[in-house]
Amino acid sequence: MSMRLTAGDTAPDFTLPDADGNEVSLAGLRGKNVIVYFYPAAMTPGCTKQACDFRDSLDSLAAHGYTVLGISPDKPAKLAKFRDRDEVTFPLLSDPDKTVLTAYGAFGEKTMYGKKVTGVIRSTFVVDGDGKIAVAQYNVKATGHVAKLRRDLGL
């Protein structure tokens, strides 16, 4: 099982390609509050619902100073199709070798339909402007998660 992060930990830095192949770096967002969420696979029902919930809340999150990044093991070409199909208006980042997923404890053993499997653990982190984890949530639900996160953040 990979190590889990908690509030107060330093967020592991990363640089990953977005849907267009442009590199996005967490360090480049220092000084901003960043919501980093990890999801299993683009264009699946749950992941689509979650991405659309973030998309629909983006203006409100931005008004409160939050930037959103979604990360999955999908290749940039698939992320571009997902972005275009569902009009996702924030960066979707590609982590095919699962290095960043593992660094955040968002890849490992989980229970799915009553069986133990290894895969992406749907997780969300809020990284503050100093690069510290402010919120760490593992095994989040695809549906209703953004509303819960907004409540947790007092938005």
Side-chain angles (χ1 to χ4, degrees), residues 2-74 76 78-95 98-108 110 120-155:
S2 50
M3 183 92 160
R4 292 216 164 173
L5 299 172
T6 59
D9 289 345
T10 298
D13 199 14
F14 58 81
T15 301
L16 293 171
D18 68 8
D20 296 316
N22 301 313
E23 292 196 338
V24 176
S25 163
L26 184 62
L29 295 169
R30 217 47 104 235
K32 297 182 178 178
N33 292 312
V34 182
I35 297 170
V36 180
Y37 84 96
F38 295 93
Y39 62 98
M43 306 199 349
T44 57
C47 296
T48 298
K49 175 70 175 137
Q50 187 177 23
C52 290
D53 281 353
F54 272 115
R55 176 200 67 204
D56 295 346
S57 295
L58 202 58
D59 288 345
S60 172
L61 291 168
H64 287 92
Y66 292 93
T67 297
V68 176
L69 301 174
I71 300 176
S72 77
D74 297 305
K78 186 174 181 187
L79 296 177
K81 282 176 74 172
F82 184 38
R83 175 198 62 205
D84 296 347
R85 184 192 78 176
D86 294 295
E87 301 175 359
V88 177
T89 52
F90 56 87
L92 298 174
L93 307 182
S94 173
D95 185 22
K98 304 172 188 74
T99 303
V100 177
L101 283 148
T102 301
Y104 277 77
F107 186 81
K110 63 182 184 175
V120 176
I121 300 163
R122 193 181 301 276
S123 307
T124 300
F125 303 87
V126 177
V127 180
D128 70 18
D130 296 323
K132 298 283 187 196
I133 301 285
V135 175
Q137 299 176 337
Y138 291 92
N139 298 307
V140 302
K141 302 280 183 230
T143 303
H145 169 61
V146 176
K148 180 187 179 311
L149 180 63
R150 291 168 51 83
R151 284 192 305 274
D152 292 349
L153 295 173
L155 307 180

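FYI, the numbering just counts along the sequence from 1.
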Point to revise | Parallel, tilted or perpendicular, as decided by the 30° and 60° cut-offs, for the rings of Y104 and F14 | key: perpendicular
Check your understanding: What's the shortest heavy-atom distance between S123 and N139, and which atoms?
Key -> OG-N, 4.3 Å
Revision key, fill the gap. Taking every heavy atom of S57 against every heavy atom of V146, the minimum-distance pair comes out as OG-CG1, 3.5 Å
So, taking the atom named [atom1] in [X] and the one named [atom2] in [Y], what distance separates them when rounded to the nearest 0.5 Å?
| X | Y | atom1 | atom2 | value |
| --- | --- | --- | --- | --- |
| F54 | T89 | CZ | OG1 | 12.0 Å |
| F107 | I71 | CZ | CD1 | 14.5 Å |
| K81 | D86 | NZ | CG | 12.0 Å |
| F82 | C47 | CZ | SG | 6.5 Å |
| R150 | Y66 | CZ | OH | 10.5 Å |

Report yes or no: does [X] contribute a side-chain atom to a donor-acceptor pair with the main-chain N or O of [Y] at less than 3.5 Å?
| X | Y | answer |
| --- | --- | --- |
| Y138 | L5 | yes |
| D20 | N22 | no |
| K110 | V120 | yes |
| D95 | L101 | yes |
| S94 | D74 | yes |

Could you check if a side-chain atom of [X] sits within less than 4.5 angstrom of a side-chain atom of [Y], using non-hydrogen atoms only?
| X | Y | answer |
| --- | --- | --- |
| H145 | R122 | no |
| T124 | I35 | yes |
| M3 | D9 | no |

Check your understanding: So does D84 have more than 12 non-hydrogen atoms from other groups sitting under 6.0 Å from CG?
Key ->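 Counting other residues, nucleotides and ligands, CG of D84 exceeds 12 neighbours.
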Check your understanding: Between the side chains of R85 and T48, is a donor N or O closer than 3.5 angstrom to an acceptor N or O?
Key -> yes
